[in-house]
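Numbering starts at 1 and runs along the sequence shown.
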Amino acid sequence: MASSLAALLLQKQLKGLNRHLVDGFSADLVDENNIFEWSISIIGPPKTLFDDGFFNATMSFPMDYPNNPPTVKFITEIWHPNVYPDDRVCISILHPPVMIRISMS
């Protein structure tokens with residue numbers, strides 16, 4: 001059930017991204033039969049270290065999306081402090097939530 005709700009949400013979000021284009025960003029499916037794997041392209045913003053760069057990545061969404069975040073991995077080689085050497089994106093918002101217990105004793 002969760003995966004079907006996630007699939008519906010992802011279809012809606014991808015359709016919205018393609019209807020309301022974002023400068024320097026595009027998204028499509030890696031395989032048209034799998035809504036959980038997206039291919040994304042990013043054009044580096046002007047007047048930055050990434051100016052005129054063209055970067056490709058994949059976004060893999062979990063079956064329980066949006067309860068857990070997608071993973072993002074660059075296909076194009078890129079240096080960025082938030083990209084691990086294996087090309088995975090390291091941003092805290094993309095990590096699954098962690099419960100922290102605070103003791104008040």
*asked:* Counting C-beta onward and ignoring hydrogens, is there a side-chain heavy-atom pair between Ile78 and Phe50 closer than 4.5 Å?
replied: yes

*Look at atom CG of Leu21 and say whether more than 12 heavy atoms of other residues, nucleotides or ligands are closer to it than 6.0 Å.*
yes

*asked:* With side chain to side chain contact (heavy atoms under 4.5 Å, CB included) as the criterion, how do Leu10 and Phe36 come out once you've worked through the C-alpha distance, each side chain's angles and the decisive distance to 0.1 Å?
replied: CA-CA 7 Å; Leu10 287 168; Phe36 293 94; 3.7 Å; yes

*Decide yes or no for Ile35 and Leu29: does some side-chain heavy atom of the first lie under 4.5 Å from some side-chain heavy atom of the second?*
yes

_Testing the basics here: between Ala27 and Asn18, what is the closest heavy-atom pair and its distance to 0.1 Å?_
O-OD1, 3.3 Å

*Is there side-chain contact between Pro66 and Leu9, with heavy atoms separated by less than 4.5 Å?*
yes

*asked:* For a side chain to side chain contact (heavy atoms under 4.5 Å, CB included) check, start with the C-alpha distance between Phe25 and Ile40, then their side-chain angles and the critical distance, and finish with the verdict.
replied: CA-CA 7 Å; Phe25 179 85; Ile40 61 172; 3.9 Å; yes

*Working to the nearest 0.5 Å, report the span between OG of Ser60 and CG of Asn34.*
8.5 Å

*Dump the intermediate steps for side chain to side chain contact (heavy atoms under 4.5 Å, CB included) on Trp38 and Asp28, then the final yes or no.*
CA-CA 6 Å; Trp38 292 15; Asp28 204 354; over 6 Å; no

*Nearest 0.5 Å, what's the CD-CD distance between Glu37 and Glu32?*
15.0 Å

*Mind listing the closest non-hydrogen atom pair of Met63 and Ala6 along with its distance?*
O-CB, 3.4 Å

_A quick test of your reading: do over 12 heavy atoms of other residues, nucleotides or ligands sit less than 6.0 Å from CG of Asp52?_
no

*asked:* Give me the atom names and distance for the closest heavy-atom approach of Pro62 to Pro69.
replied: CD-O, 3.4 Å

*Is Ile43 reachable from Val22 through a run of hydrophobic residues whose side-chain heavy atoms are each under 4.5 Å from the next?*
no

_For Phe61 and Asn68: C-alpha separation, side-chain torsions, deciding distance, then whether side chain to side chain contact (heavy atoms under 4.5 Å, CB included) applies._
CA-CA 8 Å; Phe61 294 87; Asn68 280 297; over 6 Å; no

_Which heavy atom of Gln13 sits nearest to which heavy atom of Tyr65, and what is that distance?_
OE1-OH, 3.0 Å

*Between Asn56 and Ser41, is any side-chain donor less than 3.5 angstrom from a side-chain acceptor?*
yes

*Atom pair CZ/CD of Phe55 and Glu77 - distance to nearest 0.5 Å*: 10.5 Å

